[in-house]
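Chain identifiers are assigned alphabetically (A, B, ...) following the order of the sequence lines, protein sequences preceding nucleic acid strands; residue numbering begins at 1 within each chain.
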Amino acid sequence: MRIATWNVNSLRARSDQLLTWLIERSIDVALLQETKCTDGPFPFDELAALGYEAAHHGVNHWNGVAVISRCGLQDVQRGFVTTDEIGEPRVIAATCAGVRCWSVYVPNGRSVDDPHFAYKLRWLDELAAEMNRVGAANRASLVAGDFNVGMTDLDFYDAKRWKNKKHATAEERAGVQQLLDLGFVDLARDRYPKDPMFTWWNYVGTQFAKDKGLRIDLALASPEVFARLEDIWVDRHTRDPLAVEPAKPSDHAPLIVDVH
DNA sequence: ATGGTGGCCCGGCCA
């Protein structure tokens with residue numbers, strides 16, 4: 001079973017690439033972030049023609065998350081149950097082939113002195129509270145998406161440059177750590193403790209070509225899913241403007257989890 | 001130190 005998380009940076013801009021990618025990579029479950037659309041433009045029919053069901057949570061041209069599956073899709077939950085969400089479509093869950101799959105889009109934070117940064121920390125608290133409340137760590141669960149947090153220096157192409165900046169602060173890391181403390185495992189870092197495993201590169205200039213990236217997209221597994229892990233890998237081709245047609249990739253690469 | 005790109009709906013916001 002192959003489960004992927006991918007921040008597509010607008011589904012309207014990336015719909016064709018998504019459909020091609022699902023088939024070429026034999027994706028069973030895709031967790032998407034930043035669909036940036038309502039249900040109107042969401043490609044439900046095109047996905048169905050390829051054998052995929054989909055659940056989408058998008059209200060306007062900001063944020064938006066989705067679960068796409070060709071191995072079943074049940075018990076869809078949009079937003080947090082605990083708080084009825086903090087207003088933006090940043091989380092959706094569905095059960096696919098027995099695995100509770102959560103697609104999360106953590107607020108960016110903008111900068112540490114911006115009110116959006118406090119919102120980011122609150123949102124991470126809320127995510128941990130929700131996972132605790134539903135007992136996600138005690139069943140087969142995968143919480144994956146764009147966390148907008150790099151947990152250690154290894155997650156930054158230039159850790160000095162990012163020190164105490166957005167994505168690298170102790171507060172943000174503590175926010176994500178709450179999930180690890182519940183029993184979740186950061187699959188990419190556990191499997192590859194010394195590789196950068198970058199998932200995002202700024203569009204600007206030659207950042208991708210120079211591999212100046214960050215690892216801010218995470219796949220966090222409950223012990224039950226962790227025990228089933230075969231491999232986890234970053235699909236860099238899908239981020240490479242020289243490898244995709246048209247040459248307009250998302251700024252994030254998919255993170256792909258293979259489990260048995 | 002700055003500005004470089006891309007996506008959104010229409011010059012500025014957000015990544």
Side-chain angles (χ1 to χ4, degrees), chain A residues 5-21 31-43 56-66 85-91 103-124 127 144-150 155-169 171-172 175-176 198-218 234-255:
Chain A
T5 177
W6 185 21
N7 180 323
V8 294
N9 186 19
S10 168
L11 209 41
R12 277 173 288 179
R14 221 76 58 204
S15 188
D16 289 346
Q17 197 192 349
L18 169 71
L19 297 167
T20 304
W21 170 80
L31 309 176
L32 306 184
Q33 301 87 39
E34 287 209 87
T35 61
K36 289 186 172 177
C37 64
T38 59
D39 280 352
F42 193 93
H56 179 226
H57 185 27
V59 298
N60 54 31
H61 58 98
W62 298 119
N63 313 301
V65 285
E85 188 169 299
I86 309 175
E88 295 177 321
R90 293 180 175 275
V91 60
S103 176
V104 305
Y105 178 46
V106 176
N108 175 283
R110 298 179 192 165
S111 70
V112 293
D113 53 359
D114 191 294
H116 202 258
F117 188 80
Y119 167 54
K120 178 182 195 173
L121 298 179
R122 287 200 310 274
W123 201 92
L124 283 167
L127 177 63
D146 179 0
F147 280 76
N148 275 312
V149 179
D155 299 341
F156 297 82
Y157 68 89
D158 183 349
K160 280 191 205 140
R161 180 193 179 97
W162 288 83
K163 190 169 178 60
N164 296 325
K165 300 264 179 61
K166 172 192 71 171
H167 291 152
T169 67
E171 292 87 350
E172 292 163 280
V176 177
F198 296 150
T199 61
W200 175 86
W201 298 259
N202 198 314
Y203 278 125
V204 170
T206 54
Q207 299 278 89
F208 178 76
K210 292 177 180 166
D211 199 22
K212 292 188 170 184
L214 307 180
R215 188 179 78 98
I216 53 175
D217 298 87
L218 305 176
V234 179
D235 179 8
R236 296 169 69 106
H237 284 293
T238 296
R239 172 61 180 84
D240 188 348
L242 302 177
V244 295
E245 179 63 40
K248 291 280 185 184
S250 167
D251 45 353
H252 293 254
L255 180 64

Would the distance check show the side chain of A/Arg90 and the main-chain N or O of A/Tyr105 forming a donor-acceptor pair, the cut-off being under 3.5 Å?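 Yes, the answer is positive, given that a donor and an acceptor are paired below the 3.5 Å cut-off.
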Measure the distance from [atom1] on [X] to [atom2] on [N] and round it to the nearest whole Å.
{"X": "A/Gln33", "N": "B/dG7", "atom1": "CD", "atom2": "P", "value": "18 Å"}
{"X": "A/Asn9", "N": "B/dT5", "atom1": "CG", "atom2": "C1'", "value": "11 Å"}
{"X": "A/Asn202", "N": "B/dG6", "atom1": "CG", "atom2": "C1'", "value": "10 Å"}
{"X": "A/His116", "N": "B/dC13", "atom1": "NE2", "atom2": "P", "value": "15 Å"}
{"X": "A/Asn60", "N": "B/dC14", "atom1": "CG", "atom2": "P", "value": "12 Å"}
{"X": "A/Leu18", "N": "B/dG7", "atom1": "CG", "atom2": "C1'", "value": "17 Å"}
{"X": "A/Trp62", "N": "B/dG12", "atom1": "CH2", "atom2": "P", "value": "15 Å"}
{"X": "A/Phe147", "N": "B/dA15", "atom1": "CZ", "atom2": "C1'", "value": "18 Å"}

Which listed nucleotide ([options]) is nearest to the side chain of [X]?
{"X": "A/Arg110", "options": "B/dG7, B/dC14, B/dC8", "value": "B/dC14"}
{"X": "A/His61", "options": "B/dG7, B/dC9, B/dA15", "value": "B/dC9"}
{"X": "A/Arg90", "options": "B/dT5, B/dC9, B/dA15", "value": "B/dA15"}
{"X": "A/Val204", "options": "B/dC8, B/dG4, B/dG7", "value": "B/dG4"}

Which residue lies more 5' along DNA chain B, comparing A/Ala13 with A/Asn63 via nearest heavy atoms =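 First, find each residue's nearest nucleotide; the 5'-ward one identifies A/Ala13.
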(request) For A/Asn108 and for A/Arg161, find the nucleotide of DNA chain B with the closest heavy atom, then tell me which residue's nucleotide is more 5'. (result)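 Counting from the 5' end, the first nearest nucleotide belongs to A/Arg161.
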Taking any heavy-atom pair under 4.0 Å as a contact, classify A/Gln207: base, sugar-phosphate, or nothing.
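Touches nothing.
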Next on the checklist: Mind checking if A/Tyr105 touches a base, just sugar-phosphate, or nothing, with heavy atoms under 4.0 Å?
Outcome noted: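 It contacts sugar-phosphate atoms only.
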**OP:** Report the relative orientation of the aromatic rings in A/His56 and A/Phe42; use parallel for angles under 30°, tilted for 30 to 60°, perpendicular for over 60°.
**Re:**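 Ring orientation, 0 to 90° scale: parallel.
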Using atom [atom1] of each nucleotide, how far apart are [N] and [M] to the nearest Å?
{"N": "B/dG7", "M": "B/dG3", "atom1": "P", "value": "22 Å"}
{"N": "B/dA15", "M": "B/dG4", "atom1": "C1'", "value": "14 Å"}
{"N": "B/dC9", "M": "B/dC14", "atom1": "C1'", "value": "12 Å"}
{"N": "B/dG6", "M": "B/dT2", "atom1": "P", "value": "23 Å"}

State whether A/Arg12 places a side-chain N or O below 4.0 Å from either non-bridging phosphate oxygen (OP1 or OP2) of B/dC9.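 It does, given that an N or O in the side chain of A/Arg12 lies less than 4.0 Å from OP1 or OP2 of B/dC9.
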TODO: May I ask you to check whether over 12 heavy atoms, not counting those of A/His116, lie within 6.0 Å of atom NE2?
DONE: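 Result for NE2/A/His116: enclosed.
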Note to self: When you compare the side chains of A/Trp21 and A/Asp235, does any donor N or O come within less than 3.5 Å of an acceptor on the partner?
What the structure shows: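 Yes.
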Is any NZ, NE, NH1 or NH2 atom of the basic residue among A/Asp211 and A/Arg236 found under 4.0 Å from an Asp or Glu carboxylate oxygen of the other?
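Yes, A/Asp211 and A/Arg236 are salt-bridged.
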